[in-house]
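Worksheet: one structure, shown below.
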Amino acid sequence: MPVQNESTEATSTGSRPSGARRVPLSPTLAINEAMARKRREGVRVLPLGFGEAGLPIHPALARELAAGSDRGAYGPVAGSAALRAAAAGYWSRRGLPTEPGMVVSGPGSKALLFGLVMSLGGEIVIPAPSWVSYAAQATMAAEGAIQVATPPGEGGVPSPALLADAVVRARSQGRSVAGVVVTLPDNPTGTLASEQTVRRLCEVARELDLVIVSDEIYRDLVHDPSRDVPSPAAYAPERTVVTTALSKHLAAGGWRIGVARLPDGPIGETLRTDLLGVGSEIWSSAPAPMQHAAAFAFSEPPELVERVDRSRRLHATVAAAVTARFEAVGARVPSPEGAFYVYPDFEPLRDRLRADHGVRTGADLTELLLERHGVGVLPGAAFGDAEEALRMRVSSSLLYGETEEQRLAALATPDPLTLPWIADSLDRLSEVLAAVTAPTPLAAPATC
């Protein structure tokens with residue numbers, strides 16, 4: 001069924017026009033504000049909810065941004081020639097030959113995804129679970145989202161068989177289904193779908209005439225650098241859009257600059273025209289100084305390649321350590337394969353959590369962790385998982401340090417787990433998990 005936001009007629013700030021759409025704050029941003037609130041209350045917090053890379057900007061990137069800071073004029077909606085050429089080279093080096101004319105830039109891949117969803121129209125199929133903004137954007141910019149479960153252990157890609165069933169059923173009811181979104185590797189589970197699954201999804205998309213939007217913002221953070229990312233653009237090039245940005249692999253989330261690779265052929269030409277139309281009315285053009293820095297970044301100079309390699313190792317090491325802490329108390333955790341996310345499942349502990357803490361849903365569990373222990377995580381329901389599921393997304397990337405000096409040390413050391421601030425955070429996590437999951441001692445029998 002389509003995911004829809006409920007409307008409301010009034011808020012605390014005044015009346016709202018009848019039929020106005022209510023868009024709540026994104027859960028990933030809301031948890032960041034909740035963490036700030038707990039800090040103001042004097043609570044020691046473990047910030048495991050916000051999906052930020054948690055690393056300093058590389059000095060070379062800062063230098064390029066400064067060099068472009070005098071660029072104050074509007075530019076082409078699609079982006080500068082230099083940025084589009086650099087992004088085309090970036091994808092070509094990854095086995096996806098790209099013409100600069102089929103690259104469009106925007107103020108972050110999030111804005112580009114919104115523009116693509118608006119351009120596609122109809123309903124959009126998304127994985128369940130998946131990043132929180134896919135469903136919200138499909139509701140705001142199109143006709144809603146159809147959530148389709150992923151294969152076991154393969155987050156980010158809807159099960160091809162279930163995808164086919166959902167689309168055929170929706171169309172038999174007179175509904176329009178235009179596209180499917182995939183994430184490689186995945187947010188929230190940190191896993192990477194197999195080539196076989198992606199190939200089959202591409203076959204279904206071709207059979208049902210669906211456009212594929214492949215969000216590959218974590219592509220360069222696959223923990224095993226020898227493992228290929230099975231982009232659908234390699235198997236269905238005529239109908240796949242690929243998006244990425246500097247937010248994750250280069251930790252430049254606040255810079256808000258991203259690029260989209262449109263497919264060659266009629267589908268791509270139409271989408272490009274429509275996306276440029278949307279962009280012209282919403283963002284006009286991505287910020288020129290950011291475009292200058294992004295052109296440098298996508299050209300992949302050696303110093304940035306080295307930084308990405310170091311960050312990949314750091315993310316993999318700490319995510320694996322966080323996984324081990326959850327497994328130690330009995331949670332089930334898919335092995336993280338990319339990015340900095342862990343997706344533990346407390347189902348084996350359901351009876352104990354209900355008996356000792358009244359936990360019945362994922363939101364109950366994450367509220368317990370936040371309010372009683374200062375641990376900020378997000379329930380799986382925020383990502384489209386079932387309300388009763390005791391799963392949560394844990395982001396390990398804000399454990400690297402509170403200062404730039406500490407974060408740089410985390411990048412530089414061969415074993416970041418030996419750094420006292422990271423070791424202390426991991427030990428605190430274990431303490432909290434033990435407190436939440438340990439059986440409540442039986443009361444001693446009364447004595448005379």
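Paired with Arg261 under the rule side chain to side chain contact (heavy atoms under 4.5 Å, CB included), one option of Thr240, Thr243, Thr244, Val242 passes, and it is Val242. If you run salt bridge (Lys or Arg N to Asp or Glu O under 4.0 Å) between Arg200 and each of Glu195, Glu154, Glu207, only Glu207 comes through.
By the side chain to side chain contact (heavy atoms under 4.5 Å, CB included) test, Arg332 is found to be paired with Asp345, Glu347, Pro348, residues two or more places apart in sequence or in another chain being considered. Residues meeting the salt bridge (charged side-chain N to carboxylate O under 4.0 Å, His left out) test with Arg360, sequence neighbours left out: none. Contacts of Trp131 classified as ring pair (Phe, Tyr, Trp, His ring centres under 6.0 Å), with partners at least two apart in sequence or in another chain: Tyr134.
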Checklist entry - Do Asp224 and Ser226 pass the side chain to side chain donor-acceptor pair (under 3.5 Å) test, and can you show the C-alpha distance, the side-chain angles, and the key distance before you say yes or no? => result CA-CA 5 Å; Asp224 179 356; Ser226 67; 2.6 Å; yes
Next on the checklist: Between Leu429 and Val322, does the side chain to side chain contact (heavy atoms under 4.5 Å, CB included) criterion hold? Intermediate values first, please.
Outcome noted: CA-CA 8 Å; Leu429 175 61; Val322 169; 4.1 Å; yes
Next on the checklist: Checking Glu306 against Arg310 for the salt bridge (Lys or Arg N to Asp or Glu O under 4.0 Å) test, could you report, in this order, the C-alpha distance in whole Å, the side-chain angles of both residues, the deciding distance, and whether it holds?
Outcome noted: CA-CA 6 Å; Glu306 181 189 24; Arg310 287 179 178 271; 3.6 Å; yes
Next on the checklist: Under the criterion side chain to side chain contact (heavy atoms under 4.5 Å, CB included), I'd like the reasoning laid out for Val168 against Leu208: C-alpha separation, chi angles, the key distance, then a yes or no.
Outcome noted: CA-CA 8 Å; Val168 169; Leu208 298 176; 4.2 Å; yes
Item to check | Test log, rule side chain to side chain contact (heavy atoms under 4.5 Å, CB included), inputs Asp220 and Arg94 | outcome: CA-CA 10 Å; Asp220 295 331; Arg94 285 154 179 78; 3.2 Å; yes
Next on the checklist: Could you go through Phe296 and Leu304, starting from their C-alpha distance and side-chain angles, then the distance that decides it, and tell me whether this counts as side chain to side chain contact (heavy atoms under 4.5 Å, CB included)?
Outcome noted: CA-CA 10 Å; Phe296 172 76; Leu304 293 190; 3.8 Å; yes
Next on the checklist: Run the salt bridge (Lys or Arg N to Asp or Glu O under 4.0 Å) test on Arg175 and Glu143 for me, step by step, so that the C-alpha distance in whole Å, both residues' side-chain angles and the decisive distance to 0.1 Å come before the verdict.
Outcome noted: CA-CA 9 Å; Arg175 292 150 54 193; Glu143 295 179 14; over 6 Å; no
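Remark: the Thr189 side chain and the Asp186 side chain contain an N/O donor-acceptor pair separated by less than 3.5 Å. In the model, Ser214 has a side-chain atom that pairs as donor or acceptor with a side-chain atom of Glu216 under 3.5 Å.
Pro237 has its side chain out of reach of Pro263: every pair of non-hydrogen atoms, C-beta onward, lies at least 4.5 Å apart. The closest side-chain heavy-atom distance from Tyr343 to Asp385 is below 4.5 Å. Looking at Arg256 and Ser247, their side chains come closer than 4.5 Å, going by heavy atoms from C-beta outward. Put simply, the side chain of Leu192 does not reach to within 4.5 Å of the side chain of His223, judged on heavy atoms. In this structure, the side chains of Leu120 and Leu271 come closer than 4.5 Å at one or more pairs of heavy atoms. Taking 4.5 Å as the limit, some side-chain heavy atom of Phe346 sits within range of a side-chain heavy atom of Leu433. Residues Leu369 and Met392 meet the side-chain proximity criterion, which asks for heavy atoms closer than 4.5 Å. Side-chain atoms of Pro158 and Ile146, non-hydrogen and from C-beta on, never get closer than 4.5 Å to each other.
When all heavy atoms of Arg325 and Leu426 are compared, the pair lying nearest together is NH1-O, 3.0 Å. Looking at every heavy atom in both residues, Val104 comes nearest to Leu112 through O-CD1, 3.9 Å. Between Glu387 and Thr361, the shortest heavy-atom contact is O-CB, 3.3 Å. Heavy atoms only, all atoms of each residue included: Arg219 and Val222 are closest at O-CG2, 3.4 Å. Between Leu55 and Ser311, the shortest heavy-atom contact is CD1-CB, 3.5 Å. Taking both residues in full, the closest heavy atoms of Ser80 and Gln291 are given as N-OE1, 2.7 Å, listed atom of the first, atom of the second, then distance.
In summary, the aromatic rings of Tyr400 and His315 are positioned with their centroids under 6.0 Å apart.
In this structure, CE on Met118 lies 11.0 Å from CG on Asp274, to the nearest 0.5 angstrom. Once rounded to the nearest 0.5 Å, the distance linking CG of Leu163 with OG1 of Thr150 reads 12.5 Å. Rounding to the nearest 0.5 angstrom, the gap separating the OG1 atom in Thr183 from the CD1 atom in Ile126 is 9.0 Å. Here the CG-OG1 distance, from Asp364 to Thr366, works out to 8.0 Å after rounding to the nearest 0.5 Å. Rounded to the nearest 0.5 angstrom, Thr98 OG1 and Arg93 CZ are separated by 10.5 Å. Put simply, OG on Ser133 and CG on Leu113 are 9.0 Å apart, with the number rounded to the nearest 0.5 Å.
The aromatic rings of Trp91 and Phe298 sit parallel to each other, their planes meeting at less than 30°, with 60° as the upper class boundary.
For Glu238 (side chain) and Arg206 (main-chain N/O), no donor-acceptor pair under 3.5 Å exists by modelled atom type. Under the 3.5 Å distance criterion, the side-chain polar atoms of Arg84 are matched with a main-chain donor or acceptor of Gly79. A donor-acceptor distance shorter than 3.5 angstrom exists from the side chain of Thr191 to the backbone of Gly155, with no hydrogens or angles considered. Although no hydrogens or angles enter the test, the distance criterion places a donor-acceptor pair under 3.5 Å between the side chain of Arg171 and the main chain of Val177. Arg199 places no side-chain N or O within donor-acceptor distance of the main-chain N or O of Pro230, the cut-off being under 3.5 Å. A donor-acceptor contact shorter than 3.5 Å links the side chain of Ser172 to the backbone of Arg169. A donor-acceptor pair under 3.5 Å is formed between the side chain of Arg239 and the backbone N or O of Leu210. Remark: side-chain polar atoms of His58 are not paired, donor with acceptor, to backbone N or O of Leu250 under 3.5 angstrom. Using a distance-only test at 3.5 Å, with no hydrogens or angles considered, no donor-acceptor pair links the side chain of Glu300 to the main chain of Val305. Remark: the backbone N or O of Leu417 is paired with a side-chain donor or acceptor of Asp415 at under 3.5 angstrom.
By the 6.0 Å contact criterion, CD on Glu99 is open, its count of non-hydrogen atoms from other residues, nucleotides or ligands being 12 or less.
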